[in-house]
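In what follows, chains are A, B, ... by sequence order, proteins preceding strands, each numbered from 1.
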Amino acid sequence: MIDLKYLQNNFEEASARLQKKGVDTDTLSHLKNLFAELKAANAALEAAKAEQNSMSKLFGQYKREGKDITELKAKVDANKEAMVPLQERAREAEEALFSLALAIPNFPDDDVPEGVDEEDNVELRRVLEPRSFDFEPLEHWALAEKNGWIDFERGVKLAKSRFAVLRGEAARLERALINFFLDTNRQKGFEELCVPFMNNAQMLQGTGQLPKFEDDLFKVEGEDLYLIPTAEVPLTNMYHDEILPEDTLPVLMTGYTPCFRKEAGSAGRDTRGMIRQHQFDKVEMVAIAHPDKSDEVFEMMVQNASDILTALGLPHRVVELCGGDLGFSAARTIDLEVWLPGQNKYREISSISNTRDFQARRAKIRFKDGKKNRLVHTLNGSALAVGRTLIAIMENYQNEDGSIEIPEVLKKYM
RNA sequence: GGAGACGUGGGUGAGUUGGCUGAAACCACACCCCUGCUAAGGGUGCGUAUCCUAACCGGGUACCGAGGGUUCGAAUCCCUCCGUCUCCGCCA
């Protein structure tokens with residue numbers, strides 16, 4: 001959630017900043033009014049409560065002293081009745097405010113490039129030269145078929161479309177990648193965690209998936225539980241509603257989880273192959289950082305993800321997202337796009353974001369800064385998406401006969 | 001899943017015939033004083049959120065697992081849910 005006090009006191013500036021994310025001024029001005037209304041409603045209600053409390057105290061005193069209470073009782077009853085509409089007003093104001101406030105995206109950083117969609121993203125650098133083929137490189141689904149690696153039909157049979165089964169070497173390669181990623185992250189100082197794959201609504205709200213993006217989530221029937229769309233949710237919410245000692249920062253966490261997404265709204269996109277699935281494996285990095293140090297941590301995370309791709313010998317490029325392409329919670333995001341020679345293009349394989357205090361405010365994650373409690377910054381990033389790495393290896397390491405080499409660093413994991 | 005017990009501040013733990021308890025006491029922690037010794041003693045402070053305010057000074061409101069209810073007034077009474085422990089059942 002954005003800082004409503006900041007919005008109130010710096011409306012012009014706040015409004016200008018959120019333009020980048022496509023939030024119009026009218027909405028923000030409405031939000032500002034709702035905030036003022038809630039404050040006014042609460043002030044009125046709290047004054048009435050204060051009155052009620054002091055009269056109640058008197059009430060007890062009178063009784064002890066054996067005084068007559070009928071007059072006081074009448075006053076206190078009248079005040080209580082007068083509070084009913086005040087209570088209603090405050091409740092409505094709160095509901096109105098939060099239903100809007102929770103749907104407002106985070107401010108982008110000032111140096112985030114202008115732009116409306118991925119066309120306007122800025123390529124920062126390329127790492128590793130794509131290999132040149134002396135034959136026509138195949139796309140991963142063709143390679144999958146030749147090698148018997150991915151059973152799309154049976155994935156669909158078992159579940160529905162956008163589910164697949166990895167078989168034999170591919171299943172082992174998937175597992176090897178998970179282990180390789182976790183080991184690498186651990187060596188960089190990330191604590192490895194194995195977390196629940198379902199989280200409750202409050203946690204999903206903490207990281208920003210709820211209430212706005214419920215349609216993208218698989219909900220467990222009859223339970224207050226959702227299948228996680230990313231390990232960012234459980235890892236970040238590890239410290240939901242907690243106050244961390246300053247010297248524990250940054251908290252670095254990594255974990256492997258499957259991720260579940262309905263992919264509502266992406267009908268028809270990437271239907272071929274294994275690029276976009278309802279369930280995919282991912283190893284995630286999450287950092288809880290001191291606000292003054294989150295930029296450093298961010299750079300470290302980008303570098304780590306890039307280094308993993310380099311270690312695997314996978315050519316990739318580093319792309320800074322423009323304002324319009326930024327996710328809901330992100331103030332800044334860098335994507336890593338891996339080269340897919342079969343598709344002849346770069347495709348996203350990691351996305352690293354700094355959400356600043358946006359998630360921290362929702363999830364109430366603070367640290368002790370001297371005597372005061374301050375919101376932390378939270379960061380998250382993939383290192384890496386496992387299924388897409390598998391695809392990248394298939395396409396980049398293919399031979400003319402359709403066989404696939406295993407990258408050197410993975411051999412000890414196979 | 002069934003039966004019983006229980007859920008208080010960083011920890012231990014009072015408080016359950018409703019009011020003077022936002023909450024005793026002790027421990028831990030912070031600062032100060034005393035003391036020249038590898039100890040002890042004394043004092044003060046020590047929850048979170050939000051509103052008023054220039055203010056981390058003062059005051060209001062809310063919070064004793066969560067959410068409702070009864071009442072002038074609830075940590076204390078009632079209901080629902082969640083969780084913990086014990087016994088039984090079940091299972092990887």
Exercise. Please figure out whether A:Asp77 or A:Lys5 has its closest RNA chain B nucleotide nearer the 5' end.
Key: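 It is A:Lys5, whose closest nucleotide lies nearer the 5' terminus.
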Exercise. Please tell me which of A:Lys39 and A:Lys372 maps to the more 5' nucleotide of RNA chain B, matching each residue to the nucleotide holding its nearest heavy atom.
Key: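 Checking each residue's closest nucleotide, the 5'-ward one belongs to A:Lys39.
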Presence of [X] side-chain N/O under 4.0 Å of [N] phosphate oxygens OP1/OP2:
| X | N | answer |
| --- | --- | --- |
| A:Lys80 | B:rG73 | yes |
| A:Arg366 | B:rU48 | no |
| A:Asn200 | B:rC82 | no |
| A:Lys57 | B:rC72 | no |
| A:Lys368 | B:rG10 | no |

Interatomic distance at [atom1], [N] relative to [M], whole Å:
| N | M | atom1 | value |
| --- | --- | --- | --- |
| B:rA23 | B:rG9 | C1' | 9 Å |
| B:rC91 | B:rG7 | P | 33 Å |
| B:rA24 | B:rG10 | P | 13 Å |
| B:rA39 | B:rA28 | P | 14 Å |

Using a 4.0 Å heavy-atom cut-off, does [X] contact any base of the nucleic acid, only the sugar-phosphate backbone, or nothing at all?
| X | result |
| --- | --- |
| A:Ala50 | sugar-phosphate |
| A:Lys63 | base |
| A:Gln61 | nothing |
| A:Asn42 | nothing |
| A:Asn79 | nothing |

Self-check item: Centroid-centroid distance, A:Phe181 to A:Tyr256, less than 6.0 Å
Solution: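 When the ring centroids of A:Phe181 and A:Tyr256 are compared, they turn out to be at least 6.0 Å apart.
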Quiz item: When the aromatic ring centroids of A:Phe358 and A:His377 are compared, is their separation below 6.0 Å?
Solution: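 Aromatic pair excluded; centres sit 6.0 Å or further apart.
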Quiz item: Have A:Asp26 and A:Ser29 got a donor and an acceptor in their side chains that come within less than 3.5 Å?
Solution: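 Result is no, nothing qualifies.
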Quiz item: Under 3.5 Å, is there a donor-acceptor pair between the A:Asn33 and A:Glu37 side chains?
Solution: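 Absent: no donor and acceptor within the cut-off.
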Counting heavy atoms from C-beta on, name the nucleotide in [options] closest to the side chain of [X].
| X | options | answer |
| --- | --- | --- |
| A:Phe59 | B:rU61, B:rC72, B:rA49 | B:rC72 |
| A:Lys49 | B:rA62, B:rC51, B:rG19 | B:rA62 |
| A:Phe35 | B:rG73, B:rC51, B:rA62 | B:rC51 |

Rounded to whole angstroms, how far apart are [atom1] on [X] and [atom2] on [N]?
| X | N | atom1 | atom2 | answer |
| --- | --- | --- | --- | --- |
| A:Gln202 | B:rC82 | CD | C1' | 12 Å |
| A:Asn373 | B:rG9 | CG | C1' | 14 Å |
| A:Met55 | B:rU71 | CE | C1' | 15 Å |
| A:Asn53 | B:rA74 | CG | C1' | 12 Å |
| A:Glu51 | B:rG59 | CD | C1' | 16 Å |
| A:Met83 | B:rG60 | CE | P | 17 Å |

Exercise. Write down the atom of A:Leu102, the atom of A:Pro211, and the distance for their closest heavy-atom approach.
Key: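 Taking A:Leu102 first and A:Pro211 second, the nearest heavy atoms are CB-CD, 3.8 Å.
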Quiz item: Which base sits across from B:rA40 as a Watson-Crick or G-U pair, both distances under 3.5 Å?
Solution: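 Checking every strand shown, B:rA40 finds no partner, since no pair has both distances under 3.5 Å.
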Quiz prompt | Complement of B:rG7, any strand, by Watson-Crick or G-U distances under 3.5 angstrom | solution =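 By the stated definition (distances under 3.5 Å), B:rC82 pairs with B:rG7.
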Practice problem: Apply side chain to side chain contact (heavy atoms under 4.5 Å, CB included) to A:Glu296 and list each qualifying residue two or more places apart in sequence or on a separate chain. | Solution: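 Partners of A:Glu296 under the side chain to side chain contact (heavy atoms under 4.5 Å, CB included) test: A:Lys293.
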